[in-house]
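A short worksheet on the structure shown next.
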Amino acid sequence: MAAADSRPADLLAIEDIHTYYGDSYVLQGLSLRVASGTIVALLGRNGMGKTTLIRSVAGLTPPRRGRITFRGSDVVGLPPYRIAQLGVALVPQGRRTFPSLTVRENLQMPQSTLAGLGGRTGPGGRGRAERWSLSEVVREFPQIGDRLGQRARNLSGGEQQMLAIGRALMANPDLILMDEPSEGLAPVIVQQLGAIMRRLRSQGHSILLVEQNVGLAMEVADYVYVIATGRVTCAGTPAELDAQPDLMARHLGIER
Ligand SMILES: Nc1ncnc2c1ncn2[C@@H]1O[C@H](COP(=O)(O)OP(=O)(O)OP(=O)(O)O)[C@@H](O)[C@H]1O
Ligand SMILES: [Mg+2]
């Protein structure tokens with residue numbers, strides 16, 4: 001855990017958050033940080049609160065207690081569109097593309113929505129060169145570029161995941177929240193996904209990656225948190241965690 005304090009400045013800082021669904025107490029004092037330009041992975045078994053953490057950051061299920069700061073500004077209590085305008089994009093679990101819309105319409109959705117709400121705001125927002133346009137997303141994901149006129153429902157699982165990531169990029173985020181992007185994908189597509197995440201990091205994006213695929217997370221992440229019942233149970237660089245296989249086995253129920 002010593003490495004935690006020597007990491008570069010935080011883009012996202014989550015401090016002791018407590019998040020509920022009604023009376024159901026899910027995140028029970030969770031803290032984590034995402035340094036600028038890094039990939040941070042969040043591992044945990046089913047139902048441990050990974051999606052709830054993503055929802056807490058995106059403003060969909062705000063915590064009742066605790067702080068979440070993005071580039072130093074408090075975001076708890078802001079509506080989701082405001083958090084998106086600050087530069088946080090979500091690639092939701094299960095992709096959630098719009099099946100009856102075309103690939104092009106899916107990609108254009110965030111830009112038209114954000115434009116209607118006044119565009120990106122804050123540092124790095126309006127006025128900076130907007131990096132991602134339809135043609136740049138198509139260049140990054142040629143598979144979906146060939147299918148812009150088709151309905152999203154006709155894409156394969158891998159293509160739908162590329163579309164979900166492309167759609168998030170169209171909002172020009174600094175931080176991309178990815179909730180189990182490898183779920184249900186063939187190993188060769190998971191490898192492609194890893195390469196995409198590394199490329200996005202090299203282009204200056206930061207990623208908070210929720211995964212059940214421990215291999216993928218350990219391969220791409222700069223730092224890893226393991227959560228159980230709404231709390232961080234262990235954390236470290238992939239190398240630090242690899243050096244303690246018994247710890248990983250205990251917290252994730254897996255052998256590495
Ligand atoms: N909308 C909701 N209302 C009530 N309880 C919920 C709701 N969504 C999730 N929960 C509960 O909160 C807990 C954490 O769920 P969450 O979806 O965050 O887990 P997860 O780690 O993302 O799991 P998975 O790996 O299956 O996606 C679970 O016990 C779940 O049943
Ligand atoms: Mg989940």
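Read the numbers this way: they start at 1 and go in the same order the structure lists the ligands and their atoms. From a predicted model like this one, the values you see are computed outputs, not experimental measurements.
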With no hydrogens and no angle check, just 3.5 Å: does a side-chain donor-acceptor pair link E211 and S182? yes
Please determine, by modelled atom types, if T51 and Q93 share a side-chain donor-acceptor pair under 3.5 angstrom. yes
So, the side chain of D74 versus the backbone of T69: is there a donor-acceptor pair under 3.5 Å, distance only? no
Is atom 9 (C) of ligand 1 near the protein, in the sense that some protein heavy atom lies at less than 4.0 Å from it? yes
Heavy-atom protein neighbour under 4.0 angstrom from atom 31 (O) of ligand 1: no
Taken by chain and residue number, the protein N/O/S atoms under 2.8 Å from the Mg ion (ligand 2) read T51 OG1, Q93 OE1
Taking NZ, NE, NH1 and NH2 as the nitrogens, is one of them in [X] or [Y] under 4.0 Å from a carboxylate oxygen of the other?
X    : Y    : result
D222 : R201 : yes
R55  : D179 : no
E140 : R199 : yes
R65  : D16  : no

Which of the atoms of ligand 1 are close to E180, meaning less than 4.0 Å from one of its heavy atoms? 24 (P), 25 (O), 27 (O)
Can you find a non-hydrogen atom of R55 under 4.0 Å from ligand 1? no
Check contact between G44 and ligand 1, using heavy atoms of the residue and a distance below 4.0 angstrom. no
Name the option, out of T51, I54, D23, T19, that contains the heavy atom nearest to atom 17 (O) of ligand 1. T51
Using the rule salt bridge (Lys or Arg N to Asp or Glu O under 4.0 Å), only one of R95, R147, R151 pairs with E159; which is it? R147
Side chain or backbone of Q93 under 4.0 Å from ligand 1, or both, or neither, by non-hydrogen atoms? side chain
Students should be able to answer this: which protein heavy-atom is nearest to [atom], and at what distance?
atom                    : result
atom 16 (P) of ligand 1 : T52 OG1, 3.6 Å
atom 4 (C) of ligand 1  : Y21 CB, 3.4 Å
atom 14 (C) of ligand 1 : G47 O, 3.4 Å
atom 26 (O) of ligand 1 : N46 ND2, 2.9 Å

Heavy atoms only: give me the nearest C234-L241 pair and the separation to one decimal. SG-CD2, 4.4 Å
So which atom in A89 and which in A168 form the shortest heavy-atom distance, rounded to 0.1 Å? CB-O, 3.7 Å
Is there a polar contact between ligand 1 and V26, counting only N or O atoms under 3.5 Å apart? no
Counting both backbone and side chain atoms, is some N or O of K50 under 3.5 Å from an N or O of ligand 1? yes
Quickly, which of V138, I144, L148 forms a side-chain contact (heavy atoms from CB on, under 4.5 Å) with R104? Name it, please. L148
Just wondering, do F98 and M109 contact through their side chains at under 4.5 Å, heavy atoms? yes
